[in-house]
Each structure stands twice: as C-alpha cells, then as structure tokens.
Amino acid sequence: MIDFLPDDTPELRAWRAEVRAFLAEVVPGGMHFDYDFDESPEGWEKSLDFWRKVGAKGWIGLTWPKEYHGLGRSAIERWILWEEFANWPAPGFPVIGHAVSWFLLRHGSHEQKLRHLKGIADCTILWGEGYTEPSSGSDLASLTTRAHRDGDDWIINGQKTFGTAAHQCQWMAVFARTDPNARPHEGISCFLVPLDTPGIQMLPMHNMAGGQQNQTFFENVRVPHANLVGDVNQAWSQIWFHQGGQNLDQPGHAPDVMEYRMLRTLKEVFTFCRETKRGGKPLIEDPVVRLQLAELVEGMEIIKLQSFELHSTLVNGTAEGWNPLGGVFNQIHYREFWPHFAQVCMDIVGPLAQIEGGRWAQLQGRIEHYFRGSFGNHAGGTAQLKRMTAATRGLGLPR
Amino acid sequence: MAIDFHFDEQQKLIRDSAREFFRKHCPPAAVRAAAKATEDFPAELWAGMADMGWLGITVAEEFGGLGASFLDLYVLYPEMGRFLVPAPHLDAVVVGAGLVSALGSVEQKQAILREVVAGKLLIAPALTDTGGFGAEDITTEARGANGGYVLNGTKLLVMAAGAANLLVVAARIAGAEGVSLFLIDAAAPGVAREKLPNIAGYPLYAVTFTDVSVGAEGLLGEAGGAWPALEAVLDKAAVLQAAMVAGAGERVLEIAVDYAKNRVQFGTPIGKHQAVQYLCTDVAVAQRHTALLALHAAWRIDRGLPVAREASLAKAMAAKAAAVMTFSAHEVHAGIGFMEDYDLSMYTRRAKHWESHLGDRRHHLERAIALTLEPAA
Ligand SMILES: Cc1cc2nc3c(=O)[nH]c(=O)nc-3n(C[C@H](O)[C@H](O)[C@H](O)COP(=O)(O)OP(=O)(O)OC[C@H]3O[C@@H](n4cnc5c(N)ncnc54)[C@H](O)[C@@H]3O)c2cc1C
C-alpha cells in the first residue's frame, strides 16, 4: 500500500513528541555544527556532549539488537528520530564512521560487536574511515596498503588519505591488500585499528570549509588477528560504500546529515528573504527570487522523497517500476544538486554573502560557509562515477 | 584589418612584461600570504607596479600618466586574473583615479593624480550601501551645512580602505535629486573603517560616516550630477573585471587540464574519459565566452563607442563563468581540489568576489536587456 506517513499510529506520534521534547531540553534553539567543516574546539565539545546525551538514551543504537548495546526498535522509529533531528536542527553526528556500526553488525564477529558497538552507541569512541589512498580514489580496488600475516598478528604498511576528522578519532576501519596476487577486488581485507598503535602518523589536510581531512601513514603497524573483520580477502563485498549501497546494511534509510544541512539552510534563506528588503520590496515578493527558491524547494523535495524511496526499498523491497539501484540515483542528484543549491543561495543572499563574520555578514556567514563546503560533494565517490554505475548496472548500458 | 583580434606591439609589450612581472612577484605563496597579512596588500608590489607605470596608463600626461589607450590598460587585466595579483588596481586606480580624471577640477587632478600615479596616494571608492552597484544602491546622505556637507551612512565592500588616504564617497544630497561624489580624507573625524572577513581574503571594509564634515571643495563633479560619469567609469571597471575573470579562467583551465592528463585512475589518465573531457571543456567554453565579450566591450571603450550594453553583457557572462569554471575544475579534481592548500581553492574564493563586484549577473542581465530592447534615445 502506498504510504508516505512515517508516524501513522498514536505510539509513533508519541515517539516523535518524545524526541522533540528531548531536543528542546538538550539543544534549545538547535545548533549549527558540521563535523567535517568545523574545527572549533567549542563546536566539537558541544556536539559531542549532545551526542553523548543521545547515546545515554540509547538512541544512537536505536535499531541495533539489544544484545549489542541497542534498543531493538523499529526502522520507522529511527526515521522519525532523524527527521526530527534534521528539522530541529541538531548538530551533525560527529562520527564519520557511523557506517562502521552497520558494517560491524553485518560482518563483525560476536566479540567485535560486543566490544566495539558500545563505544559507538554511547559516542565515546569515534571511528574514521580509511579506504581512499593517494593513487586510489574512484579506483578504490587498486589500493596498495599492505597487510601481512605475522603469527597471531597482521602488520600494516601504507598510506590512507582524506580521512575525515580522523585526528579526532580513536579507531579507524582500514582496508588493506592481503593478497597481492589475487584479482584487485579479491585480495582486500578490513582491519579495525586503534589509532594510538605505534607506527601510525597523521598529517592534516585542511579543507576549504575549515574542516580537516588527514593523511594517515602506517609503518609496520601491528594489529591482532582478532581485529580482522569477517574472512580474509573478502572486504570488497563487505564494503559499505560500495556502489552507493552504504545503506544496505541498515534496517531502513532515514534522512541523513547531508539532507538536514540542506533543509536547515533552505529554512534560513526563507527567513532571510522574508526579512530582507531589496529595492524597497521584501525579497520574498521578488518574482526572480521566488523562481530561484522554487527550484531549491523542488530539488530538496526530491531529496526528501528519495529518502522515502530508499527506506521503502530497504524495508519492503524494490517496488514495481523502481530501480533497485535507487540509492545510486539519489547520490547523483545529491552530489549534483548540492553545489548548485549553494550557488543559488549565495546569489539570493547577494553580494554581502561573501562576508564571513561580524555585523555585516548575512546569516552570520553561514551561507558562505555552506557554499565552501559544497565543493566537498565528492566524499564517498564522485557524481561522474555514480552516473557510470547507474548507467551500466542500473540501465544495462555496456561497460 | 577590419576585423582583427591581435593586440598591437605596444599592447603585447605591456602584456608580456606584466606576465613576467607578476610571475616573479605574485607566486601562489605570495598570494596566500597577502590574504592572511594584516596590511591590505604588499606595499612593495604596489611600488613595483608604480615603477612600471601601471598606476597611470590611461591618466593624461600632464598629470603624470602615460596618456595611453584603454586597450593598453586592458591587457594588464587577464594577467592580474591569472596571477591573482593582490593589489587594488581595479578599485583604486580604474575607479578611484578614474573618477577624479573624469570629474575632477584641474586643481583636484593636479593635487591627486600625480600622487596616485607615483603610488603615494591611494584612493578607495566607497560607493555601495547595499553591496549592489546601481544608482539605487547609493543611499548615504549628505546634508548641506555651513557652506559644505555633513555625511552619514555606511559604505560596504570598500576595497583597501585601510590603506587608503582618500575616499571617493557616493552620496545623495538631502532634498536634491541625483548622486554626488565627495572626496573625503580617510582619516577624517567620524570615519570608521571595519575590516570585513570574506571568502576571497581581500581587504574589504565597511566604512561608516558619522557626521563627517566636508567643505564644498570636497565635491567631485556637480552636486547631484555625478551618476553619468560614475556609471561610465563603472562600465570600464566591469569590462576589466570580466577580463580578469577570463585571465583567471585560462589558469584554472591549465590547472584542470594538467590534472586530467596526469591523474591516473583505472589504469588511464582521467582525461581520457568523456565525463572529464566535458568538464574541462566547460571551463574552456565559459572562459572563451567571457574573453570574447570583454574584448569587444574594451574595443568599444577604446574607440569611444557606447558600451553600456556590451559592458553589462561582459560582466554578466563573467559572473556566470566565475562560478562555472571553478565548479567544473573542482569536479575534475574531486577530493584534492577541496583542499585549501591546492591552488584551485585560491581561484574559487576570489571568483566569488568577482561574481558580484561591480554588479552581479542579475543586475547586468537586467541592464543589458533594457539597453537592447529600449536603447537610449
Ligand atoms: C570532503 C571529503 C571527505 C572524504 N572523507 C573520506 C574518508 O573519511 N575516508 C576515506 O577513505 N576517503 C574519504 N574521502 C575520499 C573520497 O572518497 C574520494 O575523494 C572520492 O572517492 C574520489 O576520489 P578522488 O578524490 O581520488 O578522485 P579521482 O578518482 O582522482 O577522480 C578525479 C576525477 O576523475 C573522474 N573519474 C575517475 N575515474 C573515472 C572514470 N572511470 N570515468 C569517468 N570519470 C572518472 C572523477 O569523476 C573525477 O571527476 C573524502 C573526500 C572528500 C572530498
């Protein structure tokens, strides 16, 4: 049955109200914080504090099995939770490796789940993701970081790059080549690596929006065999970001951080247009601005509905007439729309949008900051590659 | 000869020496350092440009300039874009000194231009109250008092106001029609200069006038009659801004094409893929469109032909190109282009200022269509 109503029962409406009350108490007025575009110590501290409170409620692991530090709640409850966080807005989840939790739930051993999900659930351990290398970006399967077996341990040598906020993290999921003689996709394994292990060095890479990626160097880094995830050489099929399928291991998709940043920004621009006059008229009455806003609303609406589609696909299976690779199509839209959206917001806010702070800045410079961040739209794979995946795997065009 | 895209020998000489000079004095590290420095721009660079004669290319010889043509000036601009020259030539010289040349009395010109050309006096044009560049964006008020005027208002996005000695302030005289310009000492009582942190790292300021007195001799041009000359100077500046975008675009294109040739993924240079070829050609196409419109408008100025429509088309295109070229180059680079230390980011940041400086795309498109459909009688 076609349905677009997440909270269609009194229980679910009560759940939404509970989430809202929590937000009102813990982050009254909301908080603008993006872990990947912000290195301010106060921002990090406040957002971690917020997420630890969410963790204390058990809501980070809301849908995880109870035996692994979760609450075993339903996918739709998770949807409502994140939707409320997006609307509030709550500070962005400062754990890039949130995906690590889904990965571990699916592929980790019983011991790994018991041990590692706890720190994610209460937000005391932050995880970085180590897949990209200087010569292996889109062509991830060409990665050359090596792991050798040495008795009960593995020894890792190589270099990862673009590790978002890795310098803030205690652990990293590292993909390394364990069989150099196998075909590229068949010789990669994943290791859970504590970042204080001897032999690890990190160098900062400052991004255009004021956040930090990192280069991470591994020199004879020793990790126990117990930190290998799943079977050796099987990481490619486990990789959660593979082909846009990072949501496949989740019980159902919910509006994510990227989506709610956009929503938050759009709301701010609406307010700005209501409150600002140009040429004696409120901007909101300017027909050109209205068209621009309409286009933003259209793109945003599509992103929102794509979230619904993905949720439905993951929970109920692919519906008739819908491509099972829907997630990839969503990513194409998101990656292409984001920079355009930011550009149009800058245009609407006007020449003063270039000011970053102080009393003459518009919306405290947040649109400008968001604009700079939009050049980070390639995180997790480029739009071009997503299109190729959609064309070949989704549409059946020749590879 | 009737249609010819070649610069003459003198213009080529200026262009080549500019390229050589900026290559030497404005390497990326110097551009980055200038954006972080507390001083508005490197004084040695400005002195060097003065020595080259570039602060007075179009200034009449009797006031210490070279008395050369607009196209002689034009050829500097693609180079200034390419090297992201951290010096306020466009604002201080083209607009600031340009207004004095266009509207000043002989005494004003005598007192000011020679000093400007020598690099000893810096003018900051303080024009917009809103960020926009139409006549309606000028709202600062000048009240007649004691045979002079008293100014109140805040000017925004004023380039290099911190280093400036003299401000050219656009205002409206209370109770009268039209725009007036005033020459005001930047250190006069009641003038407050606030630096505006901005995406480009340029020395932009908000300048607030609180009961600032200026004598009648501080008027530049006729009371209420400055707009036509101001508009003409802004047109020249808009064309040069477009030329700067085109020059920066050449460099952005080189960066993107080099990267596409050298970055290998899946065993081949990424530039072999049509997806990447399209992105590179997006940069090239936008760059060429801007260069064409800017060059044509510059030629019209040089010949003394009406140029308002063509200047607006050039600036409108430049605004679009500034966004398209940097966006496409970022797409070619993916992750590495997002890193602050990568040179592309320097262009992206400044391009955002250029987009709206001297009028954004919408302003110039509206003006261009009005001038196309309803040409001035
Ligand atoms: C903000 C940000 C955060 C990130 N965080 C992390 C992280 O935490 N951990 C991590 O491991 N990685 C991270 N990454 C890395 C990210 O996954 C890579 O940037 C991405 O996979 C693209 O790789 P690349 O940057 O090397 O680009 P490249 O693969 O070099 O691509 C360059 C260009 O070539 C094109 N191209 C490449 N191959 C083809 C082809 N076959 N056909 C057509 N076009 C092609 C691309 O579309 C792009 O336009 C992050 C990146 C960013 C920008």
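Within every chain, numbering begins at 1; the chains are lettered A, B, ... in the order of the sequence lines, protein sequences first and strands thereafter.
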One option among G279(A), G376(A), P184(A) has the most heavy-atom pairs under 4.5 Å with chain B, and it is G376(A)

With respect to chain B, which residue among S374(A), G211(A), G373(A) yields the maximal number of heavy-atom pairs within a distance under 4.5 Å?
-> G373(A)

Note: R261(A)-D36(A) ion pair, threshold 4.0 Å (strictly below) | yes

Could R349(B) and E340(B) be called an ion pair, given the rule that one side-chain N must be under 4.0 Å from one carboxylate O?
-> yes

Using non-hydrogen atoms and a 4.5 Å limit, figure out which bit of T154(B) sits close to chain A: side chain, backbone, both or neither.
-> side chain

Answer yes if the side chains of Y370(A) and W338(A) hold a donor-acceptor pair under 3.5 Å, and no otherwise.
-> yes

With chain B as the partner chain, list the residues of residues 339-352 of chain A whose heavy atoms fall under 4.5 Å from it, by residue number, and write 'none' if nothing qualifies.
-> P339(A), Q343(A), M346(A), D347(A), P351(A), L352(A)

Tell me, for P134(A) versus chain B, whether the close heavy atoms (under 4.5 Å) come from the side chain, the backbone, both or neither.
-> backbone

So what's closer than 4.5 Å to chain B heavy atoms on S136(A): side chain, backbone, both or neither?
-> backbone

Proximity breakdown for Q354(A) and chain B, heavy-atom pairs closer than 4.5 Å = both

Ring pair (Phe, Tyr, Trp, His ring centres under 6.0 Å) partner of F133(B), chosen from H357(B), H364(B), H363(B) = H357(B)

For the residue pair Y131(A) and F175(A), does the interplanar ring angle fall in the parallel (under 30°), tilted (30 to 60°) or perpendicular (over 60°) class?
-> perpendicular

Derivation of the side-chain hydrogen bond (donor to acceptor under 3.5 Å, both in side chains) call for T216(A) and N214(A) = CA-CA 6 Å; T216(A) 312; N214(A) 297 272; over 6 Å; no

Where on I270(B) is there a heavy atom nearer than 4.5 Å to chain A: the side chain, the backbone, both, or neither?
-> neither

Contact class of T130(B) relative to chain A, heavy atoms under 4.5 angstrom = backbone

Pairs of heavy atoms under 4.5 Å with chain B: top-ranked of G381(A), S135(A), G358(A) | S135(A)

Honestly, is R278(A) close enough over F272(A), meaning NZ or CZ under 6.0 Å from the six-membered ring centre and within 45° of the axis?
-> no

Residues R387(A) and E336(A) bridged, charged N to O under 4.0 Å | yes

Where along residues 326-333 of chain B does a heavy atom come under 4.5 Å of chain A, listed by residue number?
-> F327(B), H330(B), E331(B)

Ranking V276(B), I336(B), L156(B), D137(B) by heavy-atom pairs under 4.5 Å to chain A gives rank one to L156(B)

Would you find more than 12 non-hydrogen atoms of other residues, nucleotides or ligands less than 6.0 Å from Y278(B) atom OH?
-> no

Sequence-distant partners of E136(B), salt bridge (charged side-chain N to carboxylate O under 4.0 Å, His left out), two or more places apart | none

Verify the distance criterion only: is there a donor paired with an acceptor across the side chains of T132(A) and T161(A) at less than 3.5 Å?
-> no

If you tally heavy-atom pairs under 4.5 Å between each of A141(A), A379(A), A353(A), G357(A) and chain B, the highest tally belongs to G357(A)

Would you mind telling me which of G134(B), G131(B), P197(B) has the largest number of heavy-atom pairs within less than 4.5 Å of chain A?
-> P197(B)

Side chain, backbone, both or neither: which part of F162(A) has an atom under 4.5 Å from a heavy atom of chain B?
-> side chain

Establish, from distance only, whether the side-chain atoms of T164(A) and Q213(A) form a donor-acceptor pair under 3.5 Å.
-> yes

What class does the angle between the rings of H369(A) and F37(A) fall in, given that below 30° is parallel, 30 to 60° is tilted and above 60° is perpendicular?
-> perpendicular

Can you list every salt bridge (charged side-chain N to carboxylate O under 4.0 Å, His left out) pair that touches residues 351-366 of chain B, not counting sequence neighbours?
-> D286(A)-R362(B), K352(B)-E355(B), R362(B)-E366(B)

Do R290(A) side-chain atoms and I284(A) backbone N/O form a donor-acceptor pair below 3.5 Å?
-> yes

Taking atom NZ of K272(B) as the centre, report whether more than 12 heavy atoms of other residues, nucleotides or ligands fall under 6.0 Å from it.
-> no

Considering only heavy atoms, which portion of S142(A) lies under 4.5 Å from any heavy atom of chain B: side chain, backbone, both, or neither?
-> neither

